[in-house]
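All values reported here derive from a predicted model rather than from experimental measurement. Excluded from the calculations below are hydrogen atoms, water molecules and symmetry mates; all remaining heavy atoms, backbone and side chain alike, are included.
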Amino acid sequence: MKHPYLFVPSILLSATMVSASDEAATQPQGEAAITMLHAINHRMLDSRYGQRSEFAERLAADDFFGIGRDGGWMDKSAFLQRLNNDQPPVEIYYDNVQVRVFDGVALIEGVATIARQDGDRTRIRYTDSYVWRRNAWWLIASQETRLNATAGEDIVTRRKPAGLDWDGVDPKGEDIWVLEQLNGQYVDAFRRADAGWFDAHLADDYVVTFGDGSFHDRGDALADFQIPYFEQNIRSFPVDAVRIRRFGDVALIHAENDFELKDGRKGINRYTDIWRKIGDEWKCLSAHITVFKPPA
């Protein structure tokens, strides 16, 4: 069911911007946190796509960093400028919203459909990351990808493939260095179609948004990672512009792949991978890919 943007009662929204002087305020837990974050997501749709950006201006942290639907990097200033430059919509709908809450960090993934006055109708898959800071939820990252005409809005699910093994050794050391190594291994595992590595490093609730905007669960992603795309189609697939930010036991990795296909065409994808430290191991919670320059 698609949900139109509607007025949200202020009682649900007031908790998103608690005074920093309220020292007693702690991160909401359980259903209270999920309800609050659904309310924030609801209000953000109008702020992001409806040319009424005041809420986003208050919600975006100073250290916000993200990737727009065109693949462009965005700091807070660029993010707010894009909001104010968008053509106003006639209607906004959202669907398939998933909220996950961790210790100090929350992830919201969903689809927004924007109908504009010129007849354009755009579907956008988004991943928003929030941090609980100064007694409120703050938007610290966002990524958007347009859904292609053939991309469905529902999550694509599949049973995990059988017989996946990985006998490697994880890097050990300072967490940021470990995350740098894991990011490189992630890309290398894609090159080698090593689904066993992914099985060992993807969280049980891992999801991925591909460059066409389609959304996949862990089992479907593992089946896809078995396909030797690199060997069959790609000449080079480096990783560059890596930016790692850690918020407690959750880390966000932003980077790009400036690739070349075997037919000589070149393109650039940009991505955000979100990792969580579980015990003494880092597991990937989410991956989101946006095409910056399509192969040409």
Residue pair F65, H254: steps toward the ring-ring contact (aromatic ring centres under 6.0 Å, His included) verdict
CA-CA 9 Å; F65 187 80; H254 313 280; 5.0 Å; yes
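- Note that CD of E256 and CD1 of I268 are 5.0 Å apart. Values are rounded to the nearest 0.5 Å.
- A distance-only check finds no donor-acceptor pair linking the side chain of R245 to the backbone of A251 [under 3.5 Å].
- Nearest heavy atoms, I108 versus L37: CD1-O, 3.6 Å.
- V242 and I289 fall within the same hydrophobic cluster, defined by Ile, Leu, Val, Met, Phe, Trp and Tyr side-chain heavy atoms under 4.5 Å apart, directly or through other members.
- Closest approach of G219 and P161 over heavy atoms only: O-CD, 3.9 Å.
- Under the 4.5 Å side-chain criterion, counting only non-hydrogen atoms from C-beta, L147 is in contact with E153.
- Under the 4.5 Å side-chain criterion, counting only non-hydrogen atoms from C-beta, E144 is not in contact with R125.
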Should T127 and Q143 be marked as a side chain to side chain donor-acceptor pair (under 3.5 Å) after you check the CA-CA gap, both sets of side-chain angles, and the distance that decides it?
CA-CA 5 Å; T127 301; Q143 183 159 349; over 6 Å; no
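- Ring centroids of F198 and F225 are separated by less than 6.0 Å, placing the two rings close together.
- The backbone N or O of F102 sits less than 3.5 Å from a side-chain atom of Q27, completing a donor-acceptor pair.
- Counting only distance, with no hydrogens or angles, the side chain of R123 and the backbone of N148 share a donor-acceptor pair below 3.5 Å.
- Put simply, the side chain of L164 reaches to within 4.5 Å of the side chain of Q226, judged on heavy atoms.
- Taking the ring centroids of H288 and Y126, they lie at or beyond the 6.0 Å cut-off.
- The salt bridge (charged side-chain N to carboxylate O under 4.0 Å, His left out) check on D62 picks up K76, with sequence neighbours excluded.
- Across every non-hydrogen atom of Y130 and M44, the tightest pair is OH-CG, 3.7 Å.
- Annotation: side chain to side chain contact (heavy atoms under 4.5 Å, CB included) contacts of D263 (sequence neighbours excluded): L261, R265.
- Note on ring orientation: taking the six-membered ring where Trp is involved, the planes of F190 and Y229 are parallel (angle under 30°, cut-offs 30° and 60°).
- Side-chain contact between K262 and I234 is absent, with no heavy-atom pair separated by less than 4.5 Å.
- For the pair R270 and V291, the minimum side-chain heavy-atom distance is 4.5 Å or more.
- Residues passing the side chain to side chain contact (heavy atoms under 4.5 Å, CB included) test with V131, sequence neighbours excluded: R133, W138, I140, F247.
- Between A203 and L285, the shortest heavy-atom distance links the atoms CB-CD2, 3.9 Å.
- A heavy-atom distance below 4.5 Å is found between the side chains of S129 and I274.
- Here the closest non-hydrogen pair linking P228 and A193 is CA-CB, 3.9 Å.
- Relative ring orientation between F210 and H216 is described as tilted, the plane-to-plane angle lying within the 30° to 60° band.
- Between W197 and D188 the shortest side-chain heavy-atom distance does not fall below 4.5 Å.
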Residue pair S142, D128: steps toward the side chain to side chain donor-acceptor pair (under 3.5 Å) verdict:
CA-CA 4 Å; S142 179; D128 289 344; 2.7 Å; yes
Using the rule given for side chain to side chain donor-acceptor pair (under 3.5 Å), can you reason through T290 versus T145, listing the C-alpha separation, both sets of side-chain angles and the distance that settles it, and then say yes or no?
CA-CA 5 Å; T290 302; T145 299; 2.7 Å; yes
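- Contact check for V97 versus E109: no side-chain heavy atoms found under the 4.5 Å cut-off.
- Closest approach of W137 to P28, counting heavy atoms only: NE1-CD, 4.2 Å.
- Separation of the W166 and H201 ring centroids falls under the 6.0 Å cut-off.
- A salt bridge links K160 with D199: the distance from a Lys NZ or Arg NE/NH1/NH2 to an Asp or Glu carboxylate oxygen falls below 4.0 Å.
- Among residue pairs with one or both ends in residues 227-238, those qualifying as salt bridge (Lys or Arg N to Asp or Glu O under 4.0 Å) are R235-E260; sequence neighbours excluded.
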Does R243 form a side-chain contact (heavy atoms from CB on, under 4.5 Å) with I253? I'd like the steps, not just the answer.
CA-CA 6 Å; R243 179 189 181 112; I253 302 179; over 6 Å; no
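- Checked by atom type and distance alone, the side chain of N257 pairs as donor or acceptor with a backbone atom of P238 at under 3.5 Å.
- Sorted by first and then second residue, the salt bridge (Lys or Arg N to Asp or Glu O under 4.0 Å) pairs involving residues 201-212 (not counting sequence neighbours) are R100-D205.
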Pairs under 3.5 angstrom only: tabulate donor-acceptor contacts from the side chains of residues 171-179 to other protein residues two or more places apart or in another chain.
unit_1 : atom_1 : unit_2 : atom_2 : d
E174   : OE1    : I176   : N      : 3.1
E174   : OE1    : W177   : N      : 3.1
E174   : OE2    : I176   : N      : 3.3
D175   : OD1    : K277   : NZ     : 3.0
D175   : OD1    : W282   : NE1    : 3.0
D175   : OD2    : R246   : NH1    : 2.5
D175   : OD2    : R246   : NH2    : 3.4
D175   : OD2    : K277   : NZ     : 3.3

